[in-house]
Amino acid sequence: MADSLEGRVALVTGAGRGIGRTIASELATTGAAVAVNYATSAGPAEEVVRAIEAGGGRAAAFQADVGNREQVRAMVAAIKERLGPVDILVNNSGINRDRTLRRMSDEDWDAVIGVNLGGAYNCVKAVVEDMIERRWGRIVNISSVIGEMGNLGQANYASSKAGMLGLTKSAALELARYGITVNAICPGFIETDMLGTVPEEIRKQILTKIPLGRFGSPQDVAQAVRYLVCDAPWMTGSTFDLNGGQYM
């Protein structure tokens, strides 16, 4: 039987659009109060909040660049004051700056590592003491199939997402004694705004490599998050490969 999230507080980073938006909405349906994080665009995050509230849920938007440690600490303090201590953390924020290694600038490398991997670390670090105090917590890191198999022109992105898997395994070992589970999801190609910019011919080529013959949906990822948070109390340090069979 699924755990009820009534009385729990969930922080979803990068929740103003795409996968993060759907995860936030999914967790709200389970009863969690949701902190909707955004980096720069308040409007979409506020739309997510309004949609959750219209469905009878509880939510609030909080700004922070997850790559900035001080901003993350301030955000978590604000969430605690308004909604309560964070019980569930979904590290979803991510950016990409695709270049071949020969063309990649140091700034391209640092920015992607800083947000994708550094941001996950910053958020875990900011919420974990409260989880330990209550001896309960759920952390889900949204990695990527690219972190498992690599990709041309994405050395920075692949490295950041692979690093999240190492963070997941180490944190799971350290935090299990406190009743905190830490797991990762590696989505494949998901129908988001980013994928929508890919030329049709390239989309067709990608689909030929996906045995199930379709791109994933944000809802596919959100349902996996819900499972890890609500239905998998004995699962930790694991990686969910959610890619339609593209990589096994």
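Computed from heavy atoms alone, side chains included, the values below leave out hydrogens, waters and symmetry copies.
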**Q.** Between OG on residue Ser105 and CG on residue Asn156, distance to nearest 0.5 Å
**A.** 9.0 Å
Q | Check: Asn92 side chain, Thr13 main-chain N or O, donor-acceptor pair, under 3.5 Å | A | yes
**Q.** salt bridge (charged side-chain N to carboxylate O under 4.0 Å, His left out) between Arg17 and Glu47, intermediate numbers included
**A.** CA-CA 10 Å; Arg17 60 188 177 86; Glu47 288 177 13; over 6 Å; no
Q: Look at the side chain of Asn243 and the backbone N and O of Pro187, then say whether any donor-acceptor pair between them is shorter than 3.5 Å.
A: no
Q | Pair Asn151-Gln154, side-chain donor/acceptor within less than 3.5 Å | A | yes
Q | Glu133 atom CD: more than 12 heavy-atom contacts under 6.0 Å | A | no
**Q.** All side chain to side chain contact (heavy atoms under 4.5 Å, CB included) counterparts of Ala158, not counting sequence neighbours
**A.** Ile146
Q) So, Ser217 versus Asp220: side-chain donor-acceptor pair below 3.5 Å or not? A) yes
Q) Would you find a donor on one side and an acceptor on the other, under 3.5 Å apart, between the side chain of Asn141 and the backbone of Ala184? A) no
Q: Give the C-alpha distance, both sets of side-chain angles, the deciding distance and a yes or no for salt bridge (charged side-chain N to carboxylate O under 4.0 Å, His left out) between Arg73 and Glu70.
A: CA-CA 5 Å; Arg73 290 171 180 162; Glu70 292 306 317; 2.7 Å; yes
**Q.** Intermediate values then yes/no, side chain to side chain contact (heavy atoms under 4.5 Å, CB included), Val182 and Glu174
**A.** CA-CA 10 Å; Val182 190; Glu174 291 184 18; over 6 Å; no
**Q.** Inter-residue atom distance Asn91.CG - Ser143.OG, 0.5 Å rounding
**A.** 11.0 Å
(Q) Please check this pair: side chain of Asp241 against backbone of Met248, looking for a donor-acceptor N/O pair closer than 3.5 Å. (A) no
Q | Crowding at CD, Glu200 (>12 non-hydrogen neighbours, <6.0 Å) | A | yes
Q. Which other residues belong to the hydrophobic cluster containing Val198, where Ile, Leu, Val, Met, Phe, Trp and Tyr are joined when side-chain heavy atoms lie under 4.5 Å apart, directly or via other members?
A. Phe189, Leu195, Ile202, Ile206, Leu207, Ile210, Phe215
Q) Among Gln223, Arg226, Arg21, which one satisfies side chain to side chain donor-acceptor pair (under 3.5 Å) with Glu26? A) Arg226
Q | Leu228 and Arg138, any side-chain heavy atoms less than 4.5 Å apart | A | no
